[in-house]
Amino acid sequence: MKKTLQLESISKWLPTASKPIIISGPCSAETEDQMVTTAKQLAATGKVHALRAGIWKPRTRPGQYEGAGEEGLKWLVQAKKETGLPVTTEVANAAHVDACLKAGVDILWIGARTTVNPFSVQEIADALKGVDIPVMVKNPINPDLELWIGALERLNKAGLTKLAAIHRGFSSFEKGPFRNAPMWDMGIELKTRIPELDILCDPSHIAGNRELISFISQKALDLDMAGLMIEAHINPDAAWSDAKQQVTPANLAKIIDGLVVRTVSSDNKTFKDTLSILREQIDQLDDEIMSKMAARMKISEKIGQYKKENGVTILQVNRWEEIIQTRITLGKAMGLNPDFTTDLLKLIHQESIQIQTKVMNKVEERV
């Protein structure tokens, strides 16, 4: 179901001459020289539209660098003065908000560890009532779309209309090639639910590795995200936090130059006609798939009834293993990705289990 928020497009509060919007700067503001020098080099590329830096760093375990605190705000504002670029930093409570507003920070963002806590988000929203400042909201650590939307709604109800979302990936127990699982479908669903909302991507936190930033950035742009937040440092390997995922300003420029920026649509008549024909074919196939799926679930219902009458359990492990093996093999032969086939089968099996459970627990009416 779509959500309606009163929003101003990012193009109005962070106007840029080129697309995509690029926000960059060090993971943490470490010293004034590091902050200002990095900012100057980023500004010199001509490709950065706003500067970022962490002032307060929420670390998983104590003993790691937790940010410069309010002193770092002075460095961030000095970088703004020397480059002319607007600046942004993360806030996690009302005290952070107050300090940033007094210092002259242009844009705030709420981090993943804060988005997950409605109490903290509400505290920030209350502190910002009556203040006209842009706020960007990162997705929560866990893949909970309602929490993400809820944070945006709390800010909007406080009168904030200059809002954007940042997709930075989600924590996962499974170890993959990325620091945080992208789960692109979460960003797509957010855009579907709130079409007027601008979404940026944070490839640095998704990747956790500078070698993957270019790949993730291109993927984000291909999904029509409005911009990128990429961490950059004058000496990434010596950074006091998240060294592996930061790039130099020069390498940032190379990454941006290598990106292909595509349009949402084309005015070319041949393109539109061909796309229309292909979409009609998709629509027809989807109709057939839905019809077949409904028929399949009807059979699952009959199976549930038959099991009930014969005192047989719903779950048949051997049968499920057989389905997985045969369908994945068949899917492979047809050119389908095994991971896609597995995920699809799990969803179908889950629905079949639910249908059979209802049949099993249905109390028969007595005449």
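- Going from atom CD of Glu280 over to atom CG of Leu275 covers 10.5 Å, rounded to the nearest 0.5 Å.
- Within a 6.0 Å radius of NZ in Lys74, other residues, nucleotides and ligands contribute 12 heavy atoms or fewer.
- Contact annotation: the side chain of Ile23 approaches that of Met136 to within less than 4.5 Å [non-hydrogen atoms, C-beta and beyond].
- Here Ile303 is tied into one hydrophobic group with Ile299, each link being a pair of ILVMFWY side chains closer than 4.5 Å.
- In this structure, the side-chain contact (heavy atoms from CB on, under 4.5 Å) partners of Asn156, at least two apart in sequence or on a different chain, are Leu5, Gln6, Leu7, Thr161, Leu163.
- Residues Ile234 and Val87 fall into different hydrophobic clusters, defined by Ile, Leu, Val, Met, Phe, Trp and Tyr side chains chained together at heavy-atom separations under 4.5 Å.
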Side-chain donor-acceptor distances from residues 209-232 under 3.5 Å, at least two apart:
| residue | atom | partner | partner atom | Å |
| --- | --- | --- | --- | --- |
| Asn209 | OD1 | Glu211 | N | 2.9 |
| Arg210 | NE | Gln246 | O | 2.6 |
| Arg210 | NH1 | Asp237 | OD1 | 3.4 |
| Arg210 | NH2 | Asp237 | OD1 | 3.3 |
| Arg210 | NH2 | Ala243 | O | 2.7 |
| Arg210 | NH2 | Gln246 | O | 3.3 |
| Ser217 | OG | Ile213 | O | 2.8 |
| Gln218 | OE1 | Val260 | N | 2.8 |
| Gln218 | NE2 | Asp222 | OD1 | 3.0 |
| Gln218 | NE2 | Val260 | O | 2.9 |
| Asp222 | OD1 | Arg262 | NH1 | 2.5 |
| Asp222 | OD2 | Arg262 | NH1 | 3.3 |
| Glu231 | OE1 | Gln245 | NE2 | 3.0 |

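- Through direct or indirect side-chain contacts shorter than 4.5 Å among Ile, Leu, Val, Met, Phe, Trp and Tyr, Phe119 is connected to no other residue.
- Between the CG atom in Leu197 and the OG1 atom in Thr192 there is a gap of 11.5 Å [rounded to 0.5 Å].
- Smallest separation of non-hydrogen atoms from Ile166 and Cys201: CG2-C, 4.5 Å.
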Using residues 41-55 as the side-chain source, report each donor-acceptor pair under 3.5 Å to any protein atom, sequence neighbours left out, with the distance given to one decimal.
| residue | atom | partner | partner atom | Å |
| --- | --- | --- | --- | --- |
| Thr45 | OG1 | Leu42 | O | 2.6 |
| Thr45 | OG1 | Lys47 | N | 3.2 |
| Lys47 | NZ | Asp257 | OD1 | 2.7 |
| His49 | ND1 | Ile22 | N | 2.9 |
| His49 | NE2 | Ser18 | OG | 3.3 |
| Arg52 | NE | Pro26 | O | 3.4 |
| Arg52 | NH2 | Pro26 | O | 3.3 |
| Arg52 | NH2 | Cys27 | O | 3.0 |

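- Within the 4.5 Å cutoff, the side chain of Leu73 has heavy atoms near those of the Cys100 side chain.
- Side-chain atoms of Ile348 and Met293, non-hydrogen and from C-beta on, do get closer than 4.5 Å to each other.
- The distance from the CD1 atom of Ile355 to the CD atom of Gln350 is 11.0 Å, given to the nearest 0.5 Å.
- With hydrophobic clusters built from ILVMFWY side chains whose heavy atoms lie under 4.5 angstrom apart, Ile110 shares a cluster with Val97.
- Counting only heavy atoms from C-beta outward, the side chains of Lys162 and Asp198 never approach each other to under 4.5 Å.
- Two residues are said to be in side-chain contact when any heavy atoms from C-beta on lie closer than 4.5 Å; Thr248 and Pro236 meet this criterion.
- Interatomic distance, OG1 of Thr114 versus NZ of Lys138, reported as 10.5 Å (0.5 Å rounding).
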Exercise for the section: Could you go through the side-chain contact (heavy atoms from CB on, under 4.5 Å) check for Glu30 and Trp75 one step at a time? Expected result: CA-CA 9 Å; Glu30 300 164 359; Trp75 312 335; 5.7 Å; no

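- Using a 3.5 Å distance cut-off with no hydrogens or angles, the side chains of Gln78 and Glu82 do pair a donor with an acceptor.
- Atom NZ of Lys19 is surrounded by more than 12 heavy atoms from other residues, nucleotides or ligands within 6.0 Å.
- Smallest separation of non-hydrogen atoms from Val36 and Ala79: CG2-N, 4.2 Å.
- Pro143 approaches Phe170 most closely through the heavy-atom pair CA-CD2, 3.3 Å.
- Of all the heavy atoms in Ile199 and Gly187, the pair that sits closest is CD1-O, 3.6 Å.
- Atom CG of Asp273 has more than 12 neighbouring heavy atoms from other residues, nucleotides or ligands inside a 6.0 Å radius.
- Here the straight-line distance linking atom CG of Asn139 with atom CE of Met186 works out to 7.5 Å at 0.5 Å rounding.
- No side-chain N or O of Gln284 forms a donor-acceptor pair with one of Glu288 less than 3.5 Å apart.
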Side-chain polar contacts of residues 121-130 - donor-acceptor pairs under 3.5 angstrom, sequence neighbours left out - could you list them?
| residue | atom | partner | partner atom | Å |
| --- | --- | --- | --- | --- |
| Gln122 | OE1 | Arg154 | NH1 | 2.8 |
| Gln122 | NE2 | Asp126 | OD1 | 2.9 |
| Glu123 | OE2 | Ala94 | N | 2.8 |

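- The hydrophobic cluster containing Ile323 also includes Trp320, Ile324, Ile328, Leu345, under a criterion of side-chain heavy atoms closer than 4.5 Å among ILVMFWY residues, counted directly or through chains of members.
- Shown here are the ring-ring contact (aromatic ring centres under 6.0 Å, His included) partners of Trp13, two or more places apart in sequence or in another chain: there are none.
- Residues meeting the side-chain contact (heavy atoms from CB on, under 4.5 Å) test with Gln281, sequence neighbours left out: Ile277, Leu278.
- There is no path of hydrophobic side-chain contacts, each under 4.5 Å, that joins Ile194 to Ile10.
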Problem - Verdict with reasoning, Glu322 to Arg319, per side-chain contact (heavy atoms from CB on, under 4.5 Å) - result: CA-CA 5 Å; Glu322 177 192 342; Arg319 169 61 176 164; 3.5 Å; yes

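- Residues passing the ring-ring contact (aromatic ring centres under 6.0 Å, His included) test with Trp56 are His96, sequence neighbours excluded.
- Cluster membership for Trp148 and Ile206, using ILVMFWY side-chain heavy atoms within less than 4.5 angstrom, is shared.
- Considering all non-hydrogen atoms of both residues, Leu190 and Ala165 come closest at CD2-CB, 3.8 Å.
- Scanning both residues, Lys80 and Leu85, for their nearest heavy atoms gives CG-O, 3.3 Å.
- Side-chain heavy-atom separations under 4.5 angstrom define the hydrophobic clusters, and the remaining members of the one that includes Leu330 are Met334.
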Problem - Test log, rule side-chain contact (heavy atoms from CB on, under 4.5 Å), inputs Lys358 and Glu301 - result: CA-CA 9 Å; Lys358 286 181 182 178; Glu301 189 175 351; over 6 Å; no

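- Here the side chains of Ser172 and Asn180 are not in contact, with every heavy-atom distance at 4.5 Å or above.
- The existence of a salt bridge linking Asp98 and Lys102 is confirmed by a sub-4.0 Å separation between a basic side-chain nitrogen and an acidic carboxylate oxygen.
- When atom types are taken as modelled, the side chain of Thr38 and the backbone of Gln34 share a donor-acceptor pair closer than 3.5 angstrom.
- A distance of 6.0 Å separates OG in Ser352 from CZ in Arg296, rounded to the nearest 0.5 Å.
- Taking hydrophobic clusters as Ile, Leu, Val, Met, Phe, Trp and Tyr residues chained together by side-chain heavy-atom distances below 4.5 Å, Leu14 shares a cluster with Trp109.
- Partners of Glu146 by side-chain contact (heavy atoms from CB on, under 4.5 Å), not counting sequence neighbours, listed by chain and number: Asp144, Arg193.
- You'll find the side chain of Leu147 reaches within 4.5 Å of the side chain of Pro118, heavy atoms only.
- A 4.5 Å side-chain heavy-atom check between Asp242 and His205 finds at least one atom pair inside the cut-off.
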